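Since the structure is predicted, the reported quantities are computational estimates derived from the model, not experimental observations. Below, chain A is the first sequence line, B the second, and so on; all start at residue 1.
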Number of protein chains: 2
Amino acid sequence: MHISDINNAIRNRRKTLSINQSDLADLSQIGLRTIKALESGAANPRINTLQKVCDVLGLEILIRVKGPGD
Amino acid sequence: MHISDINNAIRNRRKTLSINQSDLADLSQIGLRTIKALESGAANPRINTLQKVCDVLGLEILIRVKGPGD
DNA sequence: AGCATAAATGCATTATACTGCACTTTATCA
DNA sequence: TGATAAAGTGCAGTATAATGCATTTATGCT
């Protein structure tokens, strides 16, 4: 899944785990306001912010060389 | 490759493509100072910044659910 | 419908990424 | 070894992510 879909990835994963934004904020040690911004898609978050949320949600961010067939 | 190795990924890829930091900065529309920070690893860049550089270098950032065997 | 919980929005403040400029240090040559 | 290019560093200004608080809107349940 491409990084541009990060907002949906986060929201879907959070709902799969049945936690609300407030809980995710606490677990991630990130402000609730920031979680909302993340999920809204209108955000340009810092990589550390993303990493913290992904850690809690069991998501991982990867980087690789783009292949011919992508 | 995990996102925590982004600085090496960028530097290695840049050298593979035989361009210098200044060229990468221009092509990415990002300040030279920021490129240097990125490659030094002492950075917490915004996702858009990362994306611009990766676009030029032919790198892609992916997100996925962490599996049991990772 | 009425109530409770979750989520969205506006605003002000703080923290810090991003930037350019000037300078230093380190490679890479002829 | 001297010249040139590339990379690293310090600093100050600007842009914006991150945050909290208060309020509003949406969602779900009995």
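Here dC18(C) presents its P atom at 8 Å from CG of Asn44(B), a figure rounded to the nearest Å. When rounded to the nearest whole Å, the span between CZ of Arg46(A) and C1' of dA17(D) equals 4 Å. Between Lys36(A) atom NZ and dT5(C) atom C1' the separation is 11 Å, expressed in whole Å. Arg33(A) places its CZ atom 9 Å from the C1' atom of dC11(C), with the value rounded to the nearest Å. Atom P of nucleotide dG20(C) and atom CD of Gln29(B) are separated by 11 Å, given to the nearest angstrom. Atom CG in Asn20(B) sits about 11 Å away from atom P in dG8(D), given to the nearest Å. The distance between atom CD1 of Ile30(A) and atom P of dT14(C), rounded to the nearest whole Å, is 21 Å. Atom CD of Glu39(A) is separated from atom P of dA6(C) by 14 Å (rounded to the nearest Å).
Taking side-chain N and O atoms only, Gln21(B) has no distance below 4.0 Å to OP1 or OP2 of dA5(D). Using a 4.0 Å cut-off, some side-chain N or O of Arg11(B) falls inside it from OP1 or OP2 of dG8(D). Taking 4.0 angstrom as the limit, Arg14(B) places a side-chain polar atom (N or O) nearer than this to OP1 or OP2 of dA7(D).
Taking both residues in full, the closest heavy atoms of Ala9(A) and Ile63(B) are given as CB-CD1, 4.0 Å, listed atom of the first, atom of the second, then distance. Pairing each heavy atom of Ile19(B) with each of Leu27(B), the nearest pair is CD1-CD1, 4.4 Å.
Residue Leu50(A) is tested with Ile3(B), Ile61(B), Ile47(B), Leu50(B) for a side-chain contact (heavy atoms from CB on, under 4.5 Å); the sole match is Ile47(B).
Thr49(A) comes within contact range of the sugar-phosphate backbone alone, with a heavy-atom separation under 4.0 Å but no base atom that close.
Using modelled atom types and a 3.5 Å distance limit, the side chains of Lys36(A) and Gln21(A) yield a donor-acceptor pair.
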